[in-house]
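Structure first, commentary second.
Quick note: residue numbers are just sequence positions, from 1. All of these numbers come straight from a predicted model, not from anything done at the bench. Quick note: numbers below take in every heavy atom, side chains included, and nothing from hydrogens, waters or symmetry partners.
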Amino acid sequence: MIRVLVTDDEPLVRFGLRMLLDATDDIVVVGEACDGTAALTLTRELAPDLVLTDLRMPGMDGITATKLLLALPNPPAVLVLTTFDTEEGVVEALQAGAAGYLLKDAPPEQVVGAVRLVASGGTVLASASAARLLEASRARDTAESRIPLEQRRRVDALDDQQREILCHLGSGMSNAEIARRMYLTEGTVKAYVSRLLATLKVDNRTQAAILAHRAGLLEEG
């Protein structure tokens, strides 16, 4: 079961998300938080696999909460669910370490699918602003101009297997999907991804995915 903590300052939103997610066979809502402070407290108590959080809330906002949640030992994955479709919001959420950015007007099945994908190690960027950011990164003149020189050197130094994994991360694949594609075990992929993040000197797979786009690996693939 995927254990989810729902964080939103609107009780009705929390109720609706609980009803939606608890109706599935593989997801259970283990708690509800009204702001980031409560989310941190409940995460320490309940150890959810994923925190589904709004961005703007009274008290501690979702960006601050995301940074603190991911600094915890054995941190949960974080999926942002918000009404704010702005490039600034997407960038802030991704820089904070969120693995996904979803809008509240998304269809119920998309919300459920995003929870499953992010919980399994994937990336979800389902908003017009996120799409514009990725498209802008693809449209720059040359691969060399898309990322700083030091990052370009790290990408160029990757072996074929590492480049393939980075390309799959850029496509938003989970560890399980990468394992099936490359005929590896999921545990092996998880270890390879961890080493890849350390090699690239990025904090999480979301930042690696953005780097893959900026480096032009998906076009090469």
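- Here the shortest heavy-atom pairing between Ser120 and Ser174 reads OG-CB, 3.1 Å.
- Asn175 and Arg205 form a side-chain donor-acceptor contact under 3.5 Å, judged by distance and modelled atom types alone.
- Crowding of Asp159 atom CG: a count of heavy atoms from other residues, nucleotides or ligands under 6.0 Å exceeding 12.
- Atom SG of Cys167 is separated from atom CZ of Arg181 by 9.0 Å, given to the nearest 0.5 angstrom.
- Test Val29, Val115, Val111 against Leu20 for side chain to side chain contact (heavy atoms under 4.5 Å, CB included) and you get one pass: Val111.
- Side-chain atoms of Val202 and Leu196, non-hydrogen and from C-beta on, never get closer than 4.5 Å to each other.
- Between the CD atom in Gln110 and the CG atom in Leu103 there is a gap of 8.5 Å [rounded to 0.5 Å].
- Tested against Pro76 for a side chain to side chain contact (heavy atoms under 4.5 Å, CB included), the candidates Leu46, Thr43, Val118 yield a single pass: Thr43.
- In this structure, Ile2 is a member of the same hydrophobic cluster as Leu102, with clusters built from ILVMFWY side-chain heavy atoms closer than 4.5 Å.
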Step by step, work out the side-chain contact (heavy atoms from CB on, under 4.5 Å) result for Met182 and His168.
CA-CA 10 Å; Met182 299 182 67; His168 292 328; 3.9 Å; yes
Applying side-chain contact (heavy atoms from CB on, under 4.5 Å), run through Leu81 and Thr53 and close with a yes or a no.
CA-CA 6 Å; Leu81 182 65; Thr53 182; over 6 Å; no
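- More than 12 heavy-atom neighbours from other residues, nucleotides or ligands sit within 6.0 angstrom of CE on Met1.
- When all heavy atoms are compared, the tightest approach of Leu94 to Ala98 is CD2-O, 3.6 Å.
- Here the side chain of Arg14 pairs no donor or acceptor atom with the backbone of Glu32 at under 3.5 angstrom.
- Counting heavy atoms from C-beta on, the side chains of Val189 and Ile165 never come closer than 4.5 Å.
- Between Arg44 and Leu72, the shortest heavy-atom contact is NE-CD2, 3.8 Å.
- Linking ILVMFWY side-chain heavy atoms closer than 4.5 Å, directly or via other members, places Leu52 and Leu68 in two distinct hydrophobic clusters.
- Remark: Asp35 does not engage Arg56 in a salt bridge, criterion side-chain N to carboxylate O under 4.0 Å.
- Clustering ILVMFWY residues whenever any of their side-chain heavy atoms sit less than 4.5 angstrom apart, transitively, puts Leu21 in a cluster other than the one holding Val28.
- Asp54 approaches Met57 most closely through the heavy-atom pair O-CE, 3.6 Å.
- Using a 4.5 Å heavy-atom cutoff, the side chains of Val90 and Phe84 are not in contact.
- Distance check, rounded to the nearest 0.5 Å: OG1 of Thr206 to CG of Leu169 gives 9.5 Å.
- Side-chain contact check for Glu45 versus Thr41: some heavy-atom pair is nearer than 4.5 Å.
- Taking CZ of Arg116 as the start and OG1 of Thr24 as the end, the distance is 5.5 Å to the nearest 0.5 Å.
- Here the CG atom belonging to Asp203 is positioned 9.5 Å from the CG atom belonging to Leu70, to the nearest 0.5 angstrom.
- Transitive grouping of hydrophobic side chains (ILVMFWY, heavy atoms separated by less than 4.5 Å) keeps Leu5 and Leu117 in distinct clusters.
- The CD atom of Glu177 sits 10.0 Å away from the CD atom of Glu186 when rounded to the nearest 0.5 Å.
- Within 6.0 Å of the NZ atom in Lys104, the count of heavy atoms belonging to other residues, nucleotides or ligands exceeds 12.
- Side-chain atoms of Thr188 do not come within 3.5 Å of backbone N or O of Leu184 as any donor-acceptor pair.
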Verdict with reasoning, Asp8 to Leu17, per side-chain contact (heavy atoms from CB on, under 4.5 Å)
CA-CA 10 Å; Asp8 198 289; Leu17 289 170; 5.5 Å; no
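- Residues Val4 and Ile27 have side chains in contact (heavy-atom distance under 4.5 Å, counting atoms from C-beta outward).
- Here the options are Leu158, Leu197, Thr199, the test is side chain to side chain contact (heavy atoms under 4.5 Å, CB included), and the partner is Leu166; only Leu158 passes.
- Contact between Ile178 and Met173 at its shortest, heavy atoms only, is CG1-CB, 3.8 Å.
- Checking Thr66, Val51, Leu50 one by one against Leu79, the side chain to side chain contact (heavy atoms under 4.5 Å, CB included) holds for a single residue, Leu50.
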Are Gln95 and Lys67 close enough, and set up right, to give a side-chain contact (heavy atoms from CB on, under 4.5 Å), and what steps lead you there?
CA-CA 9 Å; Gln95 288 178 340; Lys67 294 176 182 177; over 6 Å; no
